[in-house]
Structure formats: structure tokens, C-alpha cells
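Here the structure is laid out as C-alpha cells; the discussion comes afterwards.
Side chains included, hydrogens not; waters and symmetry mates left out as well; all remaining heavy atoms used. First the proteins, then the strands, lettered A, B, ... as listed; each starts at 1.
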Amino acid sequence: MEEQGLKQNEELRNLSLSGHVGFDSLPDQLVNKSTSQGFCFNILCVGETGIGKSTLMDTLFNTKFESDPATHNEPGVRLKARSYELQESNVRLKLTIVDTVGFGDQINKDDSYKPIVEYIDAQFEAYLQEELKIKRSLFNYHDTRIHACLYFIAPTGHSLKSLDLVTMKKLDSKVNIIPIIAKADTIAKNELHKFKSKIMSELVSNGVQIYQFPTDEETVAEINATMSVHLPFAVVGSTEEVKIGNKMAKARQYPWGVVQVENENHCDFVKLREMLIRVNMEDLREQTHTRHYELYRRCKLEEMGFKDTDPDSKPFSLQETYEAKRNEFLGELQKKEEEMRQMFVMRVKEKEAELKEAEKELHEKFDLLKRTHQEEKKKVEDKKKELEEEVNNFQKKKAAAQLLQSQAQQSGAQQTKKDKDKKNASFT
Amino acid sequence: MSKGLPETRTDAAMSELVPEPRPKPAVPMKPIGINPNLLGYIGIDTIIEQMRKKTMKTGFDFNIMVVGQSGLGKSTLVNTLFKSQVSRKASSWNREEKIPKTVEIKAIGHVIEEGGVKMKLTVIDTPGFGDQINNENCWEPIEKYINEQYEKFLKEEVNIARKKRIPDTRVHCCLYFISPTGHSLRPLDLEFMKHLSKVVNIIPVIAKADTMTLEEKSEFKQRVRKELEVNGIEFYPQKEFDEDLEDKTENDKIRESMPFAVVGSDKEYQVNGKRVLGRKTPWGIIEVENLNHCEFALLRDFVIRTHLQDLKEVTHNIHYETYRAKRLNDNGGLPPGEGLLGTVLPPVPATPCPTAE
């Protein structure tokens, strides 16, 4: 019995009441509060594609959860979470079923467990973040942490697959694992017993910690103890109803007979439902919170460098360490800022220099061009002058030539006249 | 399924033996009888029973503080409430014992059990409150004590390796005893309640109500309520924490009849053939649990039978959270609403900062 809160110290003594006070209604008051808020329950189903996870969930909760069967071609394992609100009498349950899609389908399954572990951790992280907030609202926080993990074992009849062992080993410290044998109608009764013991011994020899049904409280101890003997539960799921005798029952109809889901001789479905829902749902939730979550929190905080200081130190250890880290972080930031600033300044200088260079070049070019232009201009002018001179000369020459020509013409004319006269003279 | 509601006993506080513990419910039975509808029964509603069992196993803590000038009947009332000698009465003090010079805080714990439910009840007495000539700041030690309990809890919560069940010493309820002057509240009352209504659930009670007639009582109550309202003092159940319409109507009724005018007694007398708790006077016997005589039964039902859990929850979800937020704010200078791990951006000006994640 948990005595922590009720340990007797020197001041505490048991008093007897002289009349009815009325605080025995406390559990009812507590329960009423929780009922009005509703409960959360999150189940993770891990198992190969096609092993019957969705069907089993449908059977357990008597509804048809919408989902299409997955293909075998998934490139990796991914988790698909779906939430539903169920109500029974005045109890509202927010049920979340998380499915591992593509588990066991890949050729290389080394990393198959990783997405699962990451998902579970992510839910713990979300809760941790909320818990560490300054302004937090934990009492209406929608809890997404996985309360139970149903691990579906393929009904080979021989032993666990190595993938099963590896995955379960990675998950056992993070979640309550309940192993079940799926599609149990493919195993004969005698083989089933051998299979079960083989599985349990393999789990034990590999140190896999599966969920232990609590045996500390008298009313449930007995039923939990008897049920534990049947682990792992061999289940058959079915949402179809077959007429048996004069009533309808969930069953699977084969040519050779009908496997009744709720018949304890046929399979352990009823035991699973009993254990998972009707007896231990609250314990599963509590274990998740007080054991798995606390472990995660502890590891995470230690990882971040927080440590518990000794009990007589006054301020928060968390806060102090945080302060120190923050200052460290700030210092680093400042350093980085300085670096960036300096680099910026340097770059600016470089750019400036470059630009100056370019400017200078441009100026030079401009000067050059100017000079060239002037030179050309001068050349042209010179040429122009030359040309003008030439033209002048030419004109002069032309004028002179014309003069000469006219002179020549005159004298020629005279000459020819002379000649003509001469000629004429000669003729006469 | 076990019975949902607690048995309602008649108000005769007979000195019976501790009533038999409620028969422990068996594991919830599977639906009997073949009924196509019952094939649809999943069993989700058994979680209520599971939860109830768990809480009964772990037991409850309840810490109640009584504040008021000496001689107002605080210890007697607490003893009457819990039908046992949880509080040492002033009359048992030595004659030589003086009234303390300053306000002392005395916490005494007991374990009481009823109907299979174990409760660790701690009564915190404040001898010396309001008894000095100069009572300035006499609420400070009380405020300090309350905050210390919050601090203790916070420290435990912040630990890396936490206890499975953090011991809860926070004050869930503070009964403030108003002197039945018949006029109005005293300045000390107002000051105290003003300061403390923000950190703890205060339930004002009018003590020694047998000194007032019915008319005087109702007038006094009205005046007190008015004064509290005028001064902005929110006593439990606080209006702002009513969750839904149902809560509001229920709590409105209670608020209208508060502060309860109570009479306490641990002596029994024979009245009409029944043994009742009461006070014997020359002019009659005042029956404590008779609603015509005083409102003790209302107070008891209110505090214990219907709102005990709520008192604890308001303390935990609201007062404690307020304290925690303030404490973290003062310490780290973090703006409210931001997380601790990795997503906080320290107030570096101007240049863009890389996030720490």
C-alpha cells in the first residue's frame, strides 16, 4: 500500500471520527471532475502490414474506424494517428489509435523502429514543453502520450522474429508493451501453447520488459495474475457477425467452422479486452505518466545539462543552470554578432576599394578617351589644313595652268596664224 | 458498479462507530444476459471505477488554515467539522501561556479515515492573529507561510528525479473568522482578505453566530457581502473560475448565502430523543447541525462533501500556477508563455538571432 503520503511522523496520529463527516465522497468528487473533462487514451499498434491491426481495433471498440488497408509498397515506416471520441454512459473517451504503416515491408529493416521511437519521444517532448512553460495549462492539456503499445506478433508458430525483438527492446523503456499474437486462428491449440511459451522465454532471455499487470491491489490482483499466465494473448479480430445458435456474434466464417471472437475457447480476445480496457486502463495511463514520462524527462533534462543541486541550496537548480546557459548563449551570440559585424565591415571596405579601383579605371579611360579624341581632332584639323593647302595649291596651279593655257592658246593661235600665214605664203 | 453518490445520512450526529467501509466493488461484471445491444458494450466506463480505486488507495491530503482573533471559536469549529479532536483548543493552554507576541503558524496533521477513504488532514492554526495592539502587517507571516508551501512544491516539481507523489502541504482552504459585531467588517478583516484572496481560497465565516438573531444575521451577511464586493475581494468560490453554466448557478446559490454564520460545539445533548451536538444555554439548546439554528451544516457540506476536491484543484491549477509563473518570471526574466527548452529567444536587439534548436 502506498504509504508515502500517509507516513506517520511524530505529529501525525490516527484519529477516530465520532460521526459521519462526509469526506468519503472525495473519490466521487474527484471522479466527477474527471468525467466532465473526459479521458484520453492512446494506443499504438505495431505490426506488419496486413496482420490485422485495424480489424482488431474495430473489434475492440465496436466501431468501424475508417481506414483503407495499407499497401506493401511503403518506402519506410511512418506513423498514422487517428483520434476518435467515444462515449459510454457518461464517460467520454478521447481515443487515439496510432498505426505503424509499412512496418516490416522494407527489404532493409534496420531503421524500422526509429520512426516509432521518434513518435513516442515527440509526444513526451510536447508534454514536457507544456510542463516547463511559464504560463501553462496542464489540466486541460490533450494528452497524446502513448499509454499502451500492442505489439502484433506474426503467427508463425515458431518464435519471435529478430525485427520483433529489436523493436520491442527499443520500446520497452518508453511505453507499456502488450504483446499479442495476431490472426491466432491459423495456429492449432497445441502449437499455440508451445508458441506462447517460446515467445515469453525469448522475451525474458532478451531482457524485454513488457507491461506487468498490477497485482498490488486486492480486487484486481487475482484477475491480473490469472490473466498474465495467458500472455501473449492470441487474438482474432472480426467485425462481421455470424449467427451462432440463436444470437449474432462476431466471428470469422470458414468452410470448416466458425471462429468466434468472444469465445474464450477460441481465442484470447476477451482477455485482451478485459485487461486493456476494463481492468487496467487507468493503470496504463498512470504508468505512462509516472514511469515512462518521468524517465524521459529525467534523461532529457540531464542531457541539457541540468542537474539537481543538493536540497539545501536556495534557488532553483533548473533556473540557475538556465541562467548560466542563457548567459553563455548570449555571450556566444554577441561573439557571433561581433564576428558578423567585423566581416561586414571588412566586406564593405573591400567593396569600397573595388569600387574606387573601378572608378579610377573609369576616370583613366575617360582621360584616355579624351586625349585620343583630342589627338584625333588635331589630326583631322591638320589634315584639313593640309587639304586646304592642297586645294589652294591646286587652285593656284589651276589658275596658273589656265593662264598658261590661255597664253599658250594665244601664242598658239598666233603660231598657227603664223603657221597658216606661212603656209599660205608658201602656197602663193 | 458501486453506488455513485455517498450515502446521505440524516443529520443526527450519533456517536456511532466509524461506519462500515463501503463494500469494495468486485471487478466490474461483464454484461449479463444475451442482448444484442450489450454486444456493443466495450467497457470504457469502467475507467471510473478504476480511477476511484486508485485514488482510494493513494489517499488524499487536505490542508485547512483557520485565521481569526483568539476566542472566536476556531478550534472548536474545526473539531466539529471533522468530528474529532484535530485542533488543540485554547482553553487547554496553560493559564501562564501568554498570547503569542507575533502571529505563529502551527500546523498539526492527522490521519482520518472514513468509508475506506484515508485523508491526511492538516489544520494550520494562526494564534496571535489580530490580538496585538498594533496589528499592522500581521497577515505577512501567513502570506509567507502560504508562499513557502508553494515554493516547496515547486522545488519538488522542478527536480530532475521527482518523487512519485509530491507531498502536498499547500493550503487548500483558509477559513477566516469574522467577529459577529453585527455592524460591518473591521479594517483588519478587509486588509487580510484583500491580501490573501489572491493567493489562497478564502472562505469567510461568521463565528459565534448564536449571538445574533435571524434578522441581525441576514442584515450582517448582506453588509459583509457588499463590503467584500466593494473592496474587490473574491472569496471562494470565485466567480471567475466558474467553468460552465451549471457551476455558475450552483456557485451563485452558495455565494448568496455566504458568509456562513456558524456555531461550533463538541458537546452532545439530548434533544427530542436524539443526541445532537449543541450548546446549552438557559434559554435553549442551540443545535449545531440544525439548519434553522445556524449554518454549520451548509459549511460542512460545502467544504467537505461537495467542494473538497474543487478546493484542491483551484489551489493547484490556479493559485499555485500563478505563484509559479510569477516566480519563474522574476527569476529568469522570461516573457510569459514561452517555453524553457530551446525555443526561447533572449532579448537581443536588432540583429537576427539563430534559434537555439
Value rounded to 0.5 Å, distance of [atom1] in [X] from [atom2] in [Y]:
| X | Y | atom1 | atom2 | result |
| --- | --- | --- | --- | --- |
| B:Asp310 | A:Gln29 | CG | CD | 8.5 Å |
| B:Asn159 | A:Arg297 | CG | CZ | 7.5 Å |
| B:Phe62 | A:Leu26 | CZ | CG | 8.5 Å |
| A:Glu282 | B:Glu49 | CD | CD | 11.5 Å |
| A:Asp283 | B:Met51 | CG | CE | 12.0 Å |
| A:Leu132 | B:Glu157 | CG | CD | 9.0 Å |

Next on the checklist: Shorter than 4.5 Å, heavy atoms on both sides: which option in A:Asn90, A:Asn280, A:Leu295 has the most such pairs with chain B?
Outcome noted: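 Most heavy-atom pairs under 4.5 Å with chain B: A:Asn280.
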
Closer than 3.5 angstrom, by distance alone: can the side chain of [X] be matched with the main-chain N or O of [Y] as a donor-acceptor pair?
| X | Y | result |
| --- | --- | --- |
| B:Glu114 | A:Gly22 | yes |
| A:Ser25 | B:Arg305 | yes |
| B:Gln50 | A:Arg278 | yes |

Checklist entry - Is chain A contacted by the side chain of B:Ile166, its backbone, both, or neither, given a heavy-atom distance below 4.5 Å? => result neither

Next on the checklist: Less than 4.5 Å to any heavy atom of chain A: does that hold for the side chain of B:Thr306, its backbone, both, or neither?
Outcome noted: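 The backbone, not the side chain.
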
Go through the atoms of [X] and report whether side chain, backbone, both or neither lie under 4.5 Å from a heavy atom of chain B.
| X | value |
| --- | --- |
| A:Arg285 | side chain |
| A:Val21 | both |
| A:Leu60 | backbone |
| A:Glu286 | side chain |
| A:Phe23 | both |

Provide the closest heavy-atom pair for [X] versus [Y] in the form atom of the first, atom of the second, distance.
| X | Y | value |
| --- | --- | --- |
| A:Asp28 | B:Arg52 | OD1-NH2, 2.6 Å |
| A:His20 | B:Lys83 | O-NZ, 3.3 Å |
| B:Asp45 | A:Ser89 | OD2-OG, 2.8 Å |

Checklist entry - Which residues satisfy the side chain to side chain donor-acceptor pair (under 3.5 Å) test with A:Tyr296, sequence neighbours excluded? => result A:Glu125

Would you indicate whether the side-chain heavy atoms of [Y] and [X] approach each other to under 4.5 Å?
| X | Y | value |
| --- | --- | --- |
| A:Val220 | B:Lys53 | yes |
| A:Val91 | B:Ile48 | yes |
| A:Phe41 | B:Ile44 | no |

Item to check | Close approach to chain A in residues 311-321 of chain B, criterion heavy atom under 4.5 Å | outcome: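 B:Glu313, B:Asn317, B:Tyr320, B:Glu321 fall under the 4.5 Å cut-off.
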
Next on the checklist: Between B:Lys54, B:Arg324, B:His307, who has the most heavy-atom pairs with chain A when the cutoff is under 4.5 Å?
Outcome noted: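 With the most close heavy-atom pairs to chain A, the winner is B:Arg324.
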
Next on the checklist: Can you confirm whether more than 12 heavy atoms, excluding those of A:Lys94, are under 6.0 Å from its NZ atom?
Outcome noted: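 Yes.
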
Next on the checklist: How about CD on B:Glu156, more than 12 heavy atoms from neighbouring residues, nucleotides or ligands closer than 6.0 Å, or not?
Outcome noted: yes

Checklist entry - Which is it for B:Arg162 and A:Glu131 under the salt bridge (charged side-chain N to carboxylate O under 4.0 Å, His left out) test, yes or no, and what are the steps along the way? => result CA-CA 14 Å; B:Arg162 298 200 281 212; A:Glu131 198 186 29; 3.0 Å; yes

